[in-house]
2 protein chains.
Amino acid sequence: MGLKDSTTEEKILEAAKEVFMKYGLYGARMQDIADTAGINKALLHYYFRSKEKLFDAVFDGALEKYFSQMNVIGDKSMPIKDRLMQYVDNMFEFFTEYPQMSMFIIKEISINPEMFHEKVKHLKNQKSLLIPTLQEAIDNGEINSFDPVIFMVNLHSLCAYPFLASPLYKLMLKKHGYDWNGEAKDKIKESVKDFISFKFQ
Amino acid sequence: MGLKDSTTEEKILEAAKEVFMKYGLYGARMQDIADTAGINKALLHYYFRSKEKLFDAVFDGALEKYFSQMNVIGDKSMPIKDRLMQYVDNMFEFFTEYPQMSMFIIKEISINPEMFHEKVKHLKNQKSLLIPTLQEAIDNGEINSFDPVIFMVNLHSLCAYPFLASPLYKLMLKKHGYDWNGEAKDKIKESVKDFISFKFQ
DNA sequence: ATTAAGTTTAACCATATGGTTAAACCGTTT
DNA sequence: AAACGGTTTAACCATATGGTTAAACTTAAT
């Protein structure tokens with residue numbers, strides 16, 4: 001019950017992240033995780049009692065990171081437009097660092113929505129900060145009225161989809177002279193900012 | 001080698017679609033497919049030699065349907081704006097009928113890009129019709145100049161992501177008074193049309 | 001009715017897989 | 001050095017899984 005060797009546990013978690021994110025709960029193999037971590041398979045069960053428990057640790061971490069990131073939004077000292085531009089920058093930075101995360105979360109929820117329903121209760125940042133922020137700017141008369149919920153869906157679409165579909169784009173954009181890991185990502189980010197700029201004169 | 005009972009083969013393919021799309025190649029179980037189809041497991045191997053072959057049949061069908069759909073775009077008799085609006089309608093119709101398809105295709109490509117690379121060669125409609133169509137409208141002076149490749153990415157983002165993320169939205173939009181299966185989908189479609197309208201005065 | 005060909009099933013097989021256990025291996029305390 | 005606690009490993013177990021086989025079944029042609 002004492003302190004466990006943190007580095008081993010972290011090695012396991014890192015490997016589990018990699019394998020679960022790629023193959024999902026059912027597609028992932030414990031032996032694969034052990035090999036990736038460079039340890040014995042029995043150690044997985046020593047640190048995390050079962051495959052499900054290990055998966056939970058990975059999934060909980062992902063949910064926490066994902067939802068807290070989605071709520072990073074600048075304070076009221078800036079105009080709403082600047083805050084949104086910064087929000088776009090943050091999303092692109094986040095998805096660049098964790099390109100597989102949205103796919104992982106969405107896919108696992110689609111397989112097992114009940115589990116997600118249970119887990120979301122224990123999250124601290126479950127409600128979007130973006131929507132009340134937009135609503136406030138509308139109420140202030142800072143921007144013209146529109147539906148902030150629908151706008152949030154559009155904005156997340158524009159930012160998240162290019163990364164979700166990057167396995168496709170990595171192979172298909174070449175035909176049009178673009179390299180995903182090169183200029184494409186930045187050009188897309190600028191185009192997203194262009195897109196939402198129209199909404200704010 | 002003669003004609004096989006078409007209904008059994010179709011039952012298998014239907015079940016395989018369902019199970020593979022949900023769990024992916026590695027997560028899917030042959031027994032699960034057999035149970036879903038209501039047949040003996042050995043029959044799967046009688047009609048399709050192996051799990052991989054059965055998966056190929058499903059994946060090839062999905063690729064074919066997906067890429068041919070992405071190229072349905074009206075002819076030059078209409079103004080470019082109307083053609084794009086129709087394109088949006090088509091995408092929303094398609095994703096409503098096959099909500100899991102983009103997820104399935106993208107996920108499997110991300111696990112095994114080489115396989116996709118091989119398969120895409122044998123596709124008839126591999127290159128996007130949207131991009132040359134936009135380029136033509138720009139060259140004609142019908143619309144102001146912009147990058148058609150980046151625009152295509154944005155447009156597909158706006159249309160595809162809401163369905164990709166629908167497992168999430170189904171659970172989260174309720175908090176804001178929306179029902180995914182009710183009004184939300186249509187409101188999002190209209191907002192997408194609004195978004196792209198800005199590009200065309 | 002018999003044959004022939006395709007179809008379907010139950011019973012099997014070899015291996016993969018999640019999980020367990022007892023022993024070995026540390027590092028620290030006494 | 002002995003004892004103790006946490007850590008790691010090899011060997012093992014029960015079941016799941018993809019795949020095979022031989023026999024039973026169905027249908028149509030002769």
Side-chain angles (χ1 to χ4, degrees), chain A residues 1-62 104 107-108 111-112 114-115 119, chain B residues 1-62 104 107-108 111-112 114-115 119:
Chain A
M1 264 291 183
L3 292 179
K4 287 162 187 166
D5 181 352
S6 168
T7 62
T8 300
E9 196 170 335
E10 278 165 23
K11 269 195 296 180
I12 293 176
L13 269 176
E14 272 312 302
K17 259 187 229 173
E18 198 179 318
V19 176
F20 277 131
M21 289 214 179
K22 185 165 180 187
Y23 296 104
L25 170 56
Y26 296 114
R29 301 290 126 93
M30 294 294 268
Q31 188 62 59
D32 192 2
I33 295 172
D35 293 346
T36 304
I39 52 141
N40 189 289
K41 184 163 68 90
L43 259 187
L44 298 180
H45 293 90
Y46 177 73
Y47 282 91
F48 305 84
R49 289 179 53 82
S50 67
K51 191 186 185 185
E52 270 70 24
K53 292 265 170 58
L54 178 53
F55 175 82
D56 279 351
V58 170
F59 191 70
D60 289 351
F104 175 59
K107 184 80 223 188
E108 296 303 322
I111 290 175
N112 195 347
E114 303 79 28
M115 172 210 49
K119 288 191 164 168
Chain B
M1 262 293 181
L3 292 178
K4 287 162 188 167
D5 182 353
S6 168
T7 63
T8 299
E9 195 169 335
E10 277 165 24
K11 268 195 297 181
I12 293 176
L13 269 176
E14 273 312 302
K17 260 187 227 174
E18 198 180 318
V19 176
F20 277 131
M21 287 211 180
K22 185 166 181 187
Y23 295 104
L25 170 56
Y26 297 114
R29 299 292 126 91
M30 293 296 268
Q31 188 62 60
D32 192 1
I33 296 172
D35 292 347
T36 304
I39 51 140
N40 189 287
K41 182 162 67 90
L43 257 188
L44 298 180
H45 294 89
Y46 177 73
Y47 281 92
F48 304 85
R49 289 179 54 82
S50 67
K51 190 187 186 185
E52 270 71 22
K53 291 264 170 59
L54 178 53
F55 175 83
D56 279 351
V58 171
F59 191 70
D60 289 351
F104 174 59
K107 183 82 222 187
E108 296 303 322
I111 291 175
N112 195 347
E114 303 79 27
M115 173 210 47
K119 288 191 166 171

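Letters go in sequence order (proteins before strands), and every chain restarts at 1.
- Ring centroids of B:Phe55 and B:Phe48 are separated by 6.0 Å or more, keeping the two rings apart.
- For C:dT7, the OP1/OP2 oxygens have no side-chain nitrogen or oxygen of B:Thr8 closer than 4.0 Å.
- Between B:Glu14 and B:Lys17, at least one side-chain N (NZ, or NE/NH1/NH2) sits under 4.0 Å from a carboxylate O, which counts as a salt bridge.
- B:Leu43 places its CG atom 5 Å from the C1' atom of C:dT8, with the value rounded to the nearest Å.
- Counting only distance, with no hydrogens or angles, the side chain of B:Lys51 and the backbone of B:Leu25 share a donor-acceptor pair below 3.5 Å.
- Once rounded to the nearest 0.5 Å, the distance linking NZ of B:Lys11 with CG of B:Leu13 reads 12.5 Å.
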Along nucleotides 17-22 of chain D, 5' to 3', which nucleotides get a B, which get an S, and which get a -, given that the test is a protein heavy-atom distance under 4.0 Å? SBBBB-

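- In this structure, B:Ile33 atom CD1 and D:dA16 atom C1' are separated by 15 Å, rounded to whole Å.
- Between A:Asp35 and A:Arg29, no side-chain nitrogen of the basic residue sits less than 4.0 Å from a carboxylate oxygen of the acidic one, so the salt-bridge criterion is not met.
- The nearest whole Å value for the distance from the OH atom in B:Tyr46 to the P atom in C:dT7 is 4 Å.
- The interatomic distance linking A:Ile12 (CD1) with D:dT7 (C1') rounds to 11 Å, in whole Å.
- Put simply, CG on B:Asp35 is 13 Å from P on D:dA16, counting in whole angstrom units.
- In this structure, A:Phe20 CZ and A:Ile33 CD1 are separated by 4.0 Å, a value rounded to the nearest 0.5 Å.
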